[in-house]
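Worksheet: one structure, shown below.
We count residues from 1, following the sequence as given.
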Amino acid sequence: QVQLVEFGGGSVQAGGSLRLSCAASGYTYSGNCMGWFRQAPGKEREGVASIDHGGGSTYYTDSVKGRFTISQDNAKNTVYLQMNSLKPEDTAMYYCAAQSTPYCTIIGGTLPSRVFPYWGQGTQVTVSS
C-alpha cells in the first residue's frame, strides 16, 4: 500500500504562486508514476500533471501548460507541483495520486483518474481575483 500526503495548499491572489508537495511512503513505493488532479465544486476531477518515475516524461493538461511544473525528489519520495501565474479558475481541491507502474498512462490526451489506485487526502487551493 502507498500512502500519500499533500502539503502546500492555501489562498493566493491571481498571478501568485504556490508549490504543492506530496510525500509518498509505503513498502510498495519503489517507483511509481505520480500525478496531480484537481476537482472544483460541481465539476469532474481533472488530471493536471503527471511524471514518470525517474522524471523521464511529463504530462500537463492544456490549461496549465507554461504555468505549472511537476517535479520529483526520489531521495525524499516527494513530488512537487509548482504553480505560477495562478488564475481564479485554478481554484480547486488538489489531489496527489500514484499509479502502480513507473510509466504514466495517458489516454486520449488526458490523464485518467481510474488508473490511479492510490490517493492523498487533498489540499485546497483558492485563487482570488
Check: [Y] main-chain N/O paired with [X] side-chain donor or acceptor under 3.5 Å:
X	Y	value
N32	M34	no
T91	V127	yes
E6	G122	yes
Y95	G35	no
Y60	I70	yes
D52	C104	yes
Q121	V5	no
N77	A23	no

Parallel, tilted or perpendicular: rings of W119 and F37 (30°, 60°):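 Rings of F37 and W119: tilted, 30 to 60°.
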OH/Y103: more than 12 non-hydrogen atoms of other groups inside 6.0 Å: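 Result for OH/Y103: open.
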Side-chain ion pair, K87 and D90, N-O less than 4.0 Å: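 Not counted as a salt bridge, because no side-chain N and carboxylate O are separated by less than 4.0 Å.
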Can you hop from [X] to [Y] via hydrophobic side chains spaced under 4.5 Å?
X	Y	answer
Y80	Y94	no
M83	V64	yes
V115	I106	yes

Separation of R45 CZ from M93 CE (nearest 0.5 Å):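 So the CE of M93 and the CZ of R45 are separated by 9.5 Å.
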